[in-house]
Number of protein chains: 2
Amino acid sequence: MADRVSIKDIAKAADTTHSTVSRALRDSPLISDATRERVKRLAREMGYTPNAVAQSLQTNRTNAVGLVVTSIADPFLADVVKGVEEVAQPVGLSVFLNASHNDPNQEIQVIETFHRRRVDGILVASSRIGSNHLDRLARIDVPVVLINSEAGEDSDFLHSVTVDDQTGARQAVRHLIDRGHRRIGYLGVRNRPLSNERRRQGYLDALAEAGIEPQDDWVEIAAPAGIGRDQDVTAAEALTPSLLSAGVTAIFCFNDMVATGVLLACKHQDVRVPDACSVVGFDDIDLARYVTPSLTTVHQLKREMGSIAMQMLHDLIEGKTVQNRVLPPRFVRRESTAPPPRSDA
Amino acid sequence: MADRVSIKDIAKAADTTHSTVSRALRDSPLISDATRERVKRLAREMGYTPNAVAQSLQTNRTNAVGLVVTSIADPFLADVVKGVEEVAQPVGLSVFLNASHNDPNQEIQVIETFHRRRVDGILVASSRIGSNHLDRLARIDVPVVLINSEAGEDSDFLHSVTVDDQTGARQAVRHLIDRGHRRIGYLGVRNRPLSNERRRQGYLDALAEAGIEPQDDWVEIAAPAGIGRDQDVTAAEALTPSLLSAGVTAIFCFNDMVATGVLLACKHQDVRVPDACSVVGFDDIDLARYVTPSLTTVHQLKREMGSIAMQMLHDLIEGKTVQNRVLPPRFVRRESTAPPPRSDA
DNA sequence: TCATGGCGTGCACACGTGTGCACTCTGCTC
DNA sequence: GAGCAGAGTGCACACGTGTGCACGCCATGA
């Protein structure tokens with residue numbers, strides 16, 4: 001009952017028209033102070049709550065944005081989403097959350113849904129979408145900000161915020177080299193091809209700088225069954241023995257989940273970390289501090305990525321122009337790295 | 001350009017009226033097969049995407065639900081949200097995600113936003129809201145499902161799905177007793193009072209069954225600075241020494257995060273787990289398998305809670321009646337529990 | 001006294017879609 | 001041949017809000 005009250009009802013109660021009520025509630029200077037106050041008081045008393053649906057239809061603005069992530073249960077993305085939320089809420093933007101699970105059908109469906117709902121902008125933290133569905137995104141005619149999956153040739157509606165994967169990877173591997181390692185492995189993933197390629201390249205850069213010839217059997221690329229933590233861990237666990245038997249004394253991992261899988265595998269094989277083998281992760285999710293040994297890793301500004309991306313999208317919606325952002329990684333040394341068992345000359 | 005096409009435009013192209021187009025697209029039996037096909041083909045060719053905003057205004061259904069969580073970065077809630085998503089997407093419901101951070105102002109604002117947007121239902125995974133904002137929720141006149149925070153006296157619009165905290169806790173503590181422990185501590189949290197109280201009660205039940213007199217200094221209740229993982233861990237870490245010096249040989253923790261804090265504290269104090277002290281968690285988040293030693297804990301059906309809650313909400317929206325659900329916990333034994341160091345007679 | 005101007009209000013239309021009702025047309029039946 | 005049923009379509013209104021424009025009123029000034 002308190003629900004169904006519209007500005008028309010208020011108008012009736014105030015003995016005026018809905019136009020006046022609308023203007024009074026929006027503090028239009030056209031309205032006299034007396035009626036403005038009278039209308040506002042009535043609105044309060046009658047328990048009026050504006051109908052955002054009708055407003056959207058009229059103003060052609062929904063004040064809603066779409067957010068696609070590959071998986072919500074990914075702790076990395078959870079932090080990103082948190083950052084998004086922290087900016088969206090204060091500026092009055094609502095967020096439609098959708099997962100894509102790297103499934104082409106769901107990706108299409110999600111974009112379609114955002115279009116139908118006439119969102120004012122889209123945030124993508126799901127690497128495949130940026131590249132694969134450009135045409136579909138373009139048709140919506142709405143600003144898009146990609147997170148950790150660059151904007152290809154910069155079109156005028158596609159923007160991005162990323163971390164400098166390659167530099168982060170190079171720093172991490174250089175640390176291992178500085179500690180005396182020469183035989184260093186890379187354990188990557190197949191289902192996030194862009195980041196994986198950049199981090200692998202950083203790994204190769206560091207080896208090259210140190211004059212180390214990379215060996216084929218130092219590199220393994222896991223193909224996790226799905227998306228998210230569990231699969232990364234399991235897939236990495238399975239591939240670790242092969243790397244160890246290739247004789248590496250340190251393993252640089254695509255992310256902390258993969259590194260955790262390596263830790264578990266070492267535990268089962270009684271390979272002591274870091275004494276017998278050093279391990280380095282990427283992302284610096286909370287987990288990195290909780291495992292034993294705690295993970296040396298590359299810190300990403302996860303929450304900041306989310307909030308910066310959301311701020312960019314907000315600016316774009318307001319018609320401002322924005323600059324793409326590349327955030328700096330930060331190397332974090334913890335307990336999972338040490339010099340190699342015996343120095344390899 | 002492909003955007004601004006409405007059913008009126010299609011009507012013009014098909015040399016008919018928007019009424020016919022509307023009916024044709026909705027497969028109304030009033031329309032002849034010929035025109036239906038013609039309209040549908042034109043709609044496709046012109047790149048028509050229905051305007052959900054206008055549809056909502058007309059039908060008084062938004063096909064959107066609101067989801068409030070205390071924090072998105074909480075791994076427990078992340079799984080719940082995932083379950084919600086998995087049900088919502090297929091049935092065509094969109095999800096507005098909002099965080100409350102246990103902040104009364106934000107809680108009010110979130111509910112207000114959901115009302116303005118005329119969501120068809122609300123999902124609450126933020127314990128405080130159920131009890132504190134009943135009046136506000138009632139005013140929206142929309143079904144509400146609470147997750148892990150019961151529905152008080154069951155009103156007709158409030159429903160819930162919870163886990164049986166008390167039984168889970170009792171099972172966990174009984175396991176410790178079976179292993180031979182007599183001096184068992186409880187490390188709880190202050191900012192989730194309902195669950196905390198139920199788990200503490202289960203702890204007391206188990207002690208009572210074994211004829212053990214609980215001691216005041218066996219129980220500590222942490223007051224984490226905020227919500228989510230990090231604060232739980234830190235707060236628990238700080239309180240662990242006090243429990244250890246009370247002479248307990250095992251600690252039952254409010255959740256796995258708290259347990260992780262205990263593990264860290266023990267590590268720093270060189271107290272070996274489980275040899276010198278056993279530790280039990282709650283929730284069975286992924287982390288529980290990754291720490292060393294892996295955590296003995298109480299498994300919760302996290303994803304299922306989300307999907308069941310969403311299914312309930314969907315049924316309620318469709319006008320069906322539903323039953324509140326209490327999910328069974330499942331005790332999981334891992335590496336963090338063992339008999340006490342020397343048997344206390 | 002009349003023109004002028006400003007202030008406050010109401011009228012009417014718009015946004016895009018759904019739907020009850022009236023209308024037209026075709027073909028059939030008596 | 002008139003009447004009628006039924007199928008297909010269009011008209012008009014509704015949903016709740018925002019806004020350009022015209023109107024009425026009052027005060028001011030010539």
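Quick note on labels: first sequence line is chain A, next is B, and so on, each numbered from 1.
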Next item on the list: Kindly calculate the angle separating the two end axes of the helix from C:dT1-D:dA30 to C:dC30-D:dG1, each obtained from five base pairs, and round it to 10 degrees.
Entry: 70°
For [X], side chain to side chain contact (heavy atoms under 4.5 Å, CB included) partners two or more places apart:
| X | result |
| --- | --- |
| A:Ala138 | A:Phe157 |
| B:Ser22 | B:Ile7, B:Arg26 |
| B:Ser195 | B:Asp165, B:Arg198, B:Arg199, B:Phe254 |
| A:Ser56 | A:Thr62, B:Val53 |

Next item on the list: For A:Arg303, check salt bridge (charged side-chain N to carboxylate O under 4.0 Å, His left out) against everything at least two apart and list the hits.
Entry: A:Glu86
Next item on the list: Could you tell me which residues satisfy salt bridge (charged side-chain N to carboxylate O under 4.0 Å, His left out) with A:Lys12, sequence neighbours excluded, listed by chain and number?
Entry: none
Notebook entry, point to check: Mapping A:Thr59 and B:Ala54 to their closest nucleotides on DNA chain D, which lands nearer the 5' end?
Noted result: B:Ala54
Distance-only check: which donor-acceptor pairs under 3.5 Å involve side-chain atoms of residues 28-36 of chain B, not counting sequence neighbours?
residue : atom : partner : partner atom : Å
B:Ser28 : OG   : B:Leu30 : N            : 3.1
B:Ser32 : OG   : B:Thr35 : N            : 3.4
B:Ser32 : OG   : B:Thr35 : OG1          : 2.8
B:Asp33 : OD1  : B:Arg36 : NH2          : 3.0
B:Thr35 : OG1  : B:Ser32 : O            : 3.1
B:Arg36 : NH1  : B:Ser28 : O            : 3.2
B:Arg36 : NH2  : B:Ile31 : O            : 3.4

Item checked: Pair listing, salt bridge (Lys or Arg N to Asp or Glu O under 4.0 Å) test, anchored in residues 94-107 of chain B, at least two apart -> B:Glu107-B:Arg128
Check: Can you list every salt bridge (Lys or Arg N to Asp or Glu O under 4.0 Å) pair that touches residues 314-323 of chain B, not counting sequence neighbours?
Finding: B:Arg61-B:Glu318, B:Asp315-B:Lys320
Next item on the list: Check whether more than 12 heavy atoms from other residues, nucleotides or ligands sit under 6.0 Å from atom CG of A:Asp15, and answer yes or no.
Entry: no
Item checked: Nucleotide interval of DNA chain C bounded by contacts with chain A (heavy-atom cut-off, under 4.0 Å) -> C:dG8 to C:dG16
Checklist line | Letter per nucleotide, 5' to 3', of nucleotides 4-10 of chain D [B base touched, S only sugar-phosphate touched, - untouched; heavy atoms, 4.0 Å] | finding: ----BBB
